[in-house]
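Below: the structure, in structure tokens.
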Amino acid sequence: MEPYIKCAECGPPPFFLCLQCFTRGFEYKKHQSDHTYEIMTSDFPVLDPSWTAQEEMALLEAVMDCGFGNWQDVANQMCTKTKEECEKHYMKHFINNPLFASTLLNLKQAEEAKTADTAIPFQSTDDPPRPTFDSLLSRDMAGYMPARADFIEEFDNYAEWDLRDIDFVEDDSDILHALKMAVVDIYHSRLKERQRRKKIIRDHGLINLRKFQCARTYDHLKKTREEERLKRTMLSEVLQYIQDSSACQQWLRRQADIDSGLSPSVPMASNSGRRSAPPLNLTGLPGTEKLNEKEKELCQMVRLVPGAYLEYKSALLNECNKQGGLRLAQARALIKIDVNKTRKIYDFLIREGYITKA
């Protein structure tokens, strides 16, 4: 029973004494009465001045035995605290405590670092891989946990909270008992809806990443088709200007600029009758002094004011640093402007080495 005495010189294993033996100077084997010692007790506060360490341990054991949310049963098992005190203390110090949250995050990151390079093979007919909590793969799978066949955050995630204060006792009136049963029935209907939605996800394989990996093949084929289309467009331009030597020379110089990564120095005349907008004059525009020559040329051709370009550039750089790379689709989601302008900005930043492709 606490408090008791622990010899600071004996051990391992540790040598313990009750207070009665300690006061009589009890000696046993290597233990002598003049050894230094420690007084062992849990009757001291840890997280809250009104909660002793012994009560903290009793609370954790009660929550483990009775289940999270069953605060009345937890309080009954503890005997020293009320239902409200147990709930408030547990939520404050064990759920919403930033110290514990950061510790769990560090443990999670350390575990992810150990398995970062480990492949997780699985067949298309098997369960998906089992990623660690809040990892990139877990977020891609919407927090699905195959071992439990549920999600970290379920549909109608707080349905159980409506039951946390319900306690069936023998002296309930018939009406009160009927009301409590009605609440339980409503909760069961919400559970059925949750299961129905999960069944749809399972039946259609929406959590199986293997089924969605064909998107990469589609993107590759789409890129190949775009390259073929550009080649056909180039051929049509050649045929268009081949009869005119001057126009042909202009076209060749334009293609040479494009191949070298520069903006075309010689705009081609269009037979459609439409006139392209002239380059933007950057004189006197705020932010021009922060641009290098290539960035100024880009802003002129795209007709984008320097301030806006710098803002878009900063957003793309930050996202690229977070993700380790950036796709064009992500750039378009960040920059809500004309998609052709976004493509030119994205290609320019890739070409100049500011960002990298994902």
Run the salt bridge (Lys or Arg N to Asp or Glu O under 4.0 Å) test against [X] and tell me which residues pass, sequence neighbours left out.
{"X": "Lys6", "answer": "none"}
{"X": "Asp156", "answer": "Arg190"}
{"X": "Arg332", "answer": "none"}

Please round to the nearest 0.5 Å and tell me the distance separating atom [atom1] of [X] and atom [atom2] of [Y].
{"X": "Cys10", "Y": "Tyr28", "atom1": "SG", "atom2": "OH", "answer": "11.5 Å"}
{"X": "Ile355", "Y": "Ile350", "atom1": "CD1", "atom2": "CD1", "answer": "4.0 Å"}
{"X": "Leu316", "Y": "Asn318", "atom1": "CG", "atom2": "CG", "answer": "9.0 Å"}
{"X": "Leu59", "Y": "Lys81", "atom1": "CG", "atom2": "NZ", "answer": "10.0 Å"}
{"X": "Leu328", "Y": "Ile345", "atom1": "CG", "atom2": "CD1", "answer": "11.0 Å"}
{"X": "Glu27", "Y": "His35", "atom1": "CD", "atom2": "NE2", "answer": "8.0 Å"}

Enumerate the ring-ring contact (aromatic ring centres under 6.0 Å, His included) contacts for residues 50-87, please, sequence neighbours excluded, ordered by first and then second residue.
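Found Trp51-His89, Phe68-Trp71, Phe68-Tyr90, Trp71-Tyr90.
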
Partners meeting side chain to side chain donor-acceptor pair (under 3.5 Å) with Asp34 (sequence neighbours left out)
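None.
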
Can you name the side chain to side chain donor-acceptor pair (under 3.5 Å) partners of Ser189, sequence neighbours left out?
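Here no residue qualifies.
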
Could you give me the CA-CA distance, side-chain angles and deciding distance for Asp73 and Gln77, then say whether side-chain hydrogen bond (donor to acceptor under 3.5 Å, both in side chains) is met?
CA-CA 6 Å; Asp73 293 340; Gln77 181 169 322; over 6 Å; no

Take Cys299 and Leu282 through the test side-chain contact (heavy atoms from CB on, under 4.5 Å) and record every step on the way to the result.
CA-CA 8 Å; Cys299 290; Leu282 303 182; 4.3 Å; yes

Identify the two heavy atoms, one from [X] and one from [Y], that lie closest to each other, and give their separation to 0.1 Å.
{"X": "Lys198", "Y": "Glu154", "result": "NZ-OE2, 3.4 Å"}
{"X": "Pro286", "Y": "Pro306", "result": "O-CB, 3.6 Å"}
{"X": "Ala358", "Y": "Gly325", "result": "CB-C, 3.7 Å"}
{"X": "Thr356", "Y": "Gly324", "result": "OG1-O, 3.9 Å"}
{"X": "Leu310", "Y": "Gly287", "result": "CD1-O, 4.0 Å"}
{"X": "Leu326", "Y": "Tyr346", "result": "O-OH, 2.7 Å"}

Is Leu176 isolated, or which residues cluster with it under the ILVMFWY side-chain rule of less than 4.5 Å, directly or via members?
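Answer for Leu176: none, a lone residue.
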
Going through the distances and angles, do Lys294 and Glu297 end up as a salt bridge (Lys or Arg N to Asp or Glu O under 4.0 Å)?
CA-CA 5 Å; Lys294 291 184 178 180; Glu297 184 179 3; over 6 Å; no

Give the intermediate values and the outcome of salt bridge (Lys or Arg N to Asp or Glu O under 4.0 Å) for residues Lys290 and Glu295.
CA-CA 9 Å; Lys290 299 179 180 180; Glu295 289 177 318; over 6 Å; no

Mind checking whether [X] and [Y] sit in one hydrophobic cluster, side chains of I, L, V, M, F, W, Y counted as touching below 4.5 Å?
{"X": "Ile337", "Y": "Leu349", "answer": "yes"}
{"X": "Leu47", "Y": "Met91", "answer": "yes"}
{"X": "Ile186", "Y": "Ile166", "answer": "no"}
{"X": "Leu304", "Y": "Tyr354", "answer": "yes"}
{"X": "Val302", "Y": "Val339", "answer": "no"}

Within the 4.5 Å heavy-atom criterion, are [X] and [Y] side-chain neighbours or not?
{"X": "Thr52", "Y": "Thr80", "result": "no"}
{"X": "Leu60", "Y": "Met64", "result": "no"}
{"X": "Met78", "Y": "Cys86", "result": "yes"}

Give a yes or no on this: more than 12 heavy atoms of other residues, nucleotides or ligands lie within 6.0 Å of atom OH of Tyr158.
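No, because the 6.0 Å sphere around OH of Tyr158 holds 12 heavy atoms or fewer from other groups.
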
Stepwise side-chain contact (heavy atoms from CB on, under 4.5 Å) test for Phe168 and Val184
CA-CA 11 Å; Phe168 288 89; Val184 174; 4.2 Å; yes

Using the salt bridge (charged side-chain N to carboxylate O under 4.0 Å, His left out) rule, collect all pairs that involve [range], keeping only residues at least two apart or in two chains.
{"range": "residues 169-184", "value": "Asp172-Lys180"}
{"range": "residues 82-91", "value": "Lys83-Asp165, Glu87-Arg164"}
{"range": "residues 338-349", "value": "Arg343-Asp347"}

Going by the side chain to side chain donor-acceptor pair (under 3.5 Å) test, which pairs reach into residues 320-330, not counting sequence neighbours?
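Every side chain to side chain donor-acceptor pair (under 3.5 Å) pair that includes a residue of residues 320-330, provided the two are not neighbours, is Glu319-Gln323.
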
Ring of Phe155, cation from Arg194 - is the NZ or CZ under 6.0 Å from the centre and inside 45° of the axis?
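No, Arg194 does not lie over the aromatic ring of Phe155.
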
Within the side chain of Ser33, is there an N or O that forms a donor-acceptor pair under 3.5 Å with the backbone of Phe26?
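Absent.
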
Test your reading of the model: is there a side-chain donor-acceptor pair from Tyr309 to the backbone of Lys296, 3.5 Å cut-off?
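Flag not set: sc Tyr309 to bb Lys296 has no pair under 3.5 Å.
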
Could you list the donor-acceptor pairs under 3.5 angstrom formed by side chains in residues 14-21, with sequence neighbours left out?
none

Go through the steps for Lys30 and Glu9 under the test salt bridge (Lys or Arg N to Asp or Glu O under 4.0 Å), then give the verdict.
CA-CA 9 Å; Lys30 295 182 180 181; Glu9 300 182 22; over 6 Å; no

Go through Asn70 and Val63 one step at a time and tell me if the side-chain contact (heavy atoms from CB on, under 4.5 Å) criterion holds.
CA-CA 8 Å; Asn70 298 322; Val63 171; over 6 Å; no

